[in-house]
Amino acid sequence: MDLPNGAIADALEELGDLYELDGAIVHRVLAYRTAAKTVREASMSVGALAREGRAVQLAGIGKTLQEKIETLQATGTIPAAEKLRAKFPPGLVQITRLPGIGAKRARVLHAELGIDSPDALREAALAQRVREVKGLGAKFEESVLSALDKAAADPQESERRTRLLLPQALELGEALARGLGEGKAGAGATVKVAGSARRMADSVKDIDLIAVTKKPVALAKSLGGLPEIESVGSVSAVGARGRAHAGIGVDLRIGKPKELGSLLQHFTGSGRHNAALRELAVRRGLHVSEHGVLDDRNGRTGTCETEKAVYQRLGLAYIEPELREDRGELEAARLESEPAHPGLPKLVEQKDIKGELHCHTVASDGKNTIGEMAAAARELGYEYVAITDHSATHGFGNDVSPDELRRQIERVRELDGRLEGIRVLAGSEVNVLPDGGLDYEDELLAELDWVVASVHTAFGMGEEAMTARMIRAIEHPLVDAIGHPTGRMIEKREPYAIDLGTVFEAAARTGTLIEINANPDRRDLSDAHARNAVRAGVTIVIDSDAHKTETLTNMRWGIATARRAWLCKQDVANTRPWHELERMRKRNRARRGG
DNA sequence: GCCGTTTTCGGCCCGACTGTTTTCAGTCG
């Protein structure tokens, strides 16, 4: 039986940690961590790939890792990990999680003082034995004790690390940028949100801000005066670091006005994008940093006022922040100028979206009426909106019985008849029952304009059963789209076990759309999976899943995921006008015999 | 351990900060 991708990724990560403790060169350790990330994000079963000897097809997995994964699957363990585990106790890995202690210091502490756990470390620090180690001193001892105290006081703090979902992170970042810019010290300054918030990631670990100004110290000092800031650590002419009341770190970096482009590029990341960018630069005799681009030929650093200039100096087309994840964007940007190569995608935008195909009303668990939702959708400039309340077995006291759905269809038809400026469609978000069946009769479903099928129950079934369940729903001729296909909740709930490769194959074969649910807690499909879906020939639909008029604008977060997935307008079904989309629906395809 | 618009072997980013140091190593992002 094939191991889940998560288990393989965990094993590779552990082995990377162990090799690091063992003093392996950093590039080898990095190779394990990169591979672990690739495995975790893969849509297909990496275990199955490895069994067929094809895991080497994945970027960053070579012959050695292919073999290690094979062995892991066959025997349940990797011999190298077994050996190293005997050498380095698990408590030692815990120590490396403390701030200020990495593999090298953990290794020295283990070798010289026999320290093998956080408790042993505390004991040694209290006895002032840590300062006896060469290269470590009293200050280090102090900071170790304070780090240990912090970890003990709030064990979750170090484990779970507070992350904000993107909407809260962006709101906080923009408030801070505004506060800095509008303050007395902000006169003449430019302040921008960078980091993972700018890349529109699912969640954000800390807020990165960049600023350019002629009075850096005053600006850095002013960070601590902002109402969102709880405390400030270091302050200098190149920036300030602090902590927001929201519980996450804030990192402000300040440069000269002529460095704006380099600074923004550097602090937008991702770290891996930047590392790959610099490697590419070195091959051209150039060195990229937040200060500019150093040219080996004349030893001079050219500054960049715009990000575009940074990429241009390296012979690359401008890369949108959402793409900067080292997922092939540099290669695409390099080939942008070659006519035969597709280059970078022209990413889908909000203005491309023509309609909303998944939202709720008071008929189930929504807060607004059909009329209110339709008017709000029209206000957003949409040409159509499908009302898709939950179905007959949803539970939570908001089931819509078959008779109630018939009345709902009449209400929609009546409204559609008299409402100008937007087409209102009758739909439903139908439950996919554990056996893959739907909870309305086909006759009733056939009366609807739009059917989204979603899993809301029995998340715990095994991968094989869940995949079969989903395939049966996909093969149903009246199902237009699959809603929130993995059931994940960001930072809260793991996706259920499902073989997405098989699901995408079935969706492509049957012409069933797969949703990117735009609820910022879900963003399901994820960026990596959505990209794989489209590569497999699937068409995506982006839905707000709004439960009230205000959250129709959640569409924004789904578009962000689509952009991170490299999706263009034509990859997304609801960029089409209704008359085109209607023809695409598989029930009409079937009728035409296509 | 991976990988190839100089390479199948020899490379594999860059700077700030901290603490321990008389010139640097480790950690972090």
Side-chain angles (χ1 to χ4, degrees), chain A residues 12 15-16 19-20 22-36 38 55-69 78 80 95-109 130-144 147 194-196 204-210 220 233-241 249-255 259 262-263 265-294 301 310 314-315 326 330-331 334-335 338 341:
Chain A
L12 295 182
L15 192 48
Y19 273 135
E20 192 179 26
D22 201 35
I25 60 161
V26 61
H27 303 106
R28 189 165 167 217
V29 175
L30 224 52
Y32 276 89
R33 291 184 181 153
T34 309
T38 302
V56 286
Q57 289 171 359
L58 297 167
I61 297 195
K63 215 171 137 227
T64 307
L65 282 179
Q66 153 75 38
E67 279 167 13
K68 286 214 159 80
I69 296 171
I78 303 175
I95 289 173
T96 67
R97 306 264 188 267
L98 293 168
I101 303 188
K104 294 237 170 78
R105 282 175 183 160
R107 191 163 171 240
V108 159
L109 289 168
V130 170
R131 66 181 64 178
E132 289 160 15
V133 177
K134 186 168 182 272
L136 305 180
K139 279 252 179 76
F140 177 75
E141 217 164 50
E142 235 170 78
S143 73
V144 158
S196 52
V204 170
K205 195 176 72 159
D206 46 33
I207 305 287
D208 288 310
L209 301 167
I210 65 105
S234 58
V235 173
S236 77
V238 295
R241 277 187 154 173
V250 175
D251 203 345
L252 167 67
R253 202 44 201 281
I254 305 174
E259 296 173 342
S262 287
L263 205 56
Q265 194 287 322
H266 176 81
F267 282 93
T268 295
S270 64
R272 288 177 42 163
H273 171 85
N274 285 353
L277 184 78
R278 292 183 193 133
E279 277 177 34
L280 178 148
V282 167
R283 277 183 250 130
R284 289 162 163 69
L286 302 167
H287 304 270
V288 180
S289 78
E290 59 265 51
H291 302 297
V293 180
L294 169 68
T301 298
V310 178
L314 304 173
D326 191 26
L330 292 172
E331 174 76 352
R334 184 171 72 77
L335 296 170
E338 290 185 19
H341 194 277

Novice: What's A/Gly137 touching, base or sugar-phosphate or nothing? Going by heavy atoms closer than 4.0 Å.
Specialist: sugar-phosphate

Novice: Just checking A/Arg253: base, sugar-phosphate only, or nothing, at a heavy-atom cut-off of under 4.0 Å?
Specialist: sugar-phosphate

Novice: Give A/Arg241 one of three labels, base, sugar-phosphate or nothing, depending on what nucleic acid heavy atoms sit under 4.0 Å from its own.
Specialist: sugar-phosphate

Novice: With nearest nucleotides of DNA chain B determined for A/Lys104 and A/Gly135 from heavy-atom distances, which residue corresponds to the more 5′ nucleotide?
Specialist: A/Gly135

Novice: Please round to the nearest 0.5 Å and tell me the distance separating atom CD1 of A/Ile210 and atom CD1 of A/Ile254.
Specialist: 10.0 Å

Novice: Classify A/Val238 by what it touches in the nucleic acid, base, sugar-phosphate, or nothing, heavy-atom distance under 4.0 Å.
Specialist: sugar-phosphate

Novice: NA contact type, A/Val29, heavy-atom cut-off 4.0 Å: base, sugar-phosphate, or nothing?
Specialist: nothing

Novice: Strictly below 4.0 Å: does A/Lys68 bring a side-chain N or O up to OP1 or OP2 of B/dG1?
Specialist: yes

Novice: Quick one: label A/Ser236 by what it contacts on the DNA or RNA (base, sugar-phosphate, nothing), any heavy atom closer than 4.0 Å.
Specialist: sugar-phosphate

Novice: Would you say a side-chain N or O of A/His287 is under 4.0 Å from OP1 or OP2 of B/dC14?
Specialist: yes

Novice: So, taking the atom named CG in A/Leu277 and the one named CG in A/Asp326, what distance separates them when rounded to the nearest 0.5 Å?
Specialist: 10.0 Å

Novice: Which part of the nucleic acid, if any, lies within reach of A/Phe267 when heavy atoms closer than 4.0 Å are counted: base, sugar-phosphate only, or nothing?
Specialist: nothing

Novice: Please classify the nucleic acid contact of A/Leu98 as base, sugar-phosphate, or nothing, using heavy-atom distances under 4.0 Å.
Specialist: sugar-phosphate

Novice: Run the salt-bridge test on A/Glu20 and A/Arg33 with the 4.0 Å N-O cut-off and return the result as yes or no.
Specialist: yes

Novice: Distance between the P atoms of B/dC9 and B/dA25, in whole angstroms?
Specialist: 32 Å

Novice: Considering every strand and a 4.0 Å limit on heavy-atom distances, what is the contact class for A/Ile25: base, sugar-phosphate, or nothing?
Specialist: base

Novice: Would you classify A/Ala106 as touching base, sugar-phosphate or nothing, given that sugar-phosphate means primed atoms plus P, OP1 and OP2, and contacts are heavy atoms under 4.0 Å?
Specialist: nothing

Novice: Is there a Watson-Crick or G-U wobble partner for B/dT8 with both distances under 3.5 Å, and if so, which one is it?
Specialist: none

Novice: When we call it a touch if two heavy atoms are under 4.0 Å apart, what does A/Leu65 touch: a base, just sugar-phosphate, or nothing?
Specialist: sugar-phosphate

Novice: Identify whether any heavy atom of A/Arg28 sits under 4.0 Å from a base atom; if not, whether one sits that close to sugar-phosphate; answer base, sugar-phosphate or nothing.
Specialist: base

Novice: Less than 4.5 Å apart, side chain to side chain, heavy atoms only: is that true for A/His273 and A/Arg278?
Specialist: no

Novice: For the pair made of CG in A/Leu294 and P in B/dC14, what is the distance, rounded to whole Å?
Specialist: 9 Å

Novice: Provide, to the nearest angstrom, the distance between the NE2 atom belonging to A/His291 and the C1' atom belonging to B/dC13.
Specialist: 14 Å

Novice: At under 4.0 Å between heavy atoms, what does A/Ala103 touch on the DNA or RNA strands: base, sugar-phosphate, or nothing?
Specialist: sugar-phosphate

Novice: Would one find a side-chain N or O of A/Thr64 under 4.0 angstrom from OP1 or OP2 of B/dC2?
Specialist: yes

Novice: Tell me whether the guanidinium CZ or amine NZ of A/Arg28 lies under 6.0 angstrom from the six-membered ring centre of A/Tyr19 and within 45° of its axis.
Specialist: yes

Novice: For A/Gly100 and for A/Arg278, locate the closest nucleotide of DNA chain B by heavy-atom distance; then report the residue assigned to the nucleotide nearer the 5' terminus.
Specialist: A/Arg278

Novice: Would you mind reading off the distance between A/Asp208 atom CG and B/dA16 atom P, rounded to a whole angstrom?
Specialist: 16 Å

Novice: Between A/Arg334 and A/Glu331, does any side-chain N to carboxylate O distance fall below 4.0 Å?
Specialist: yes

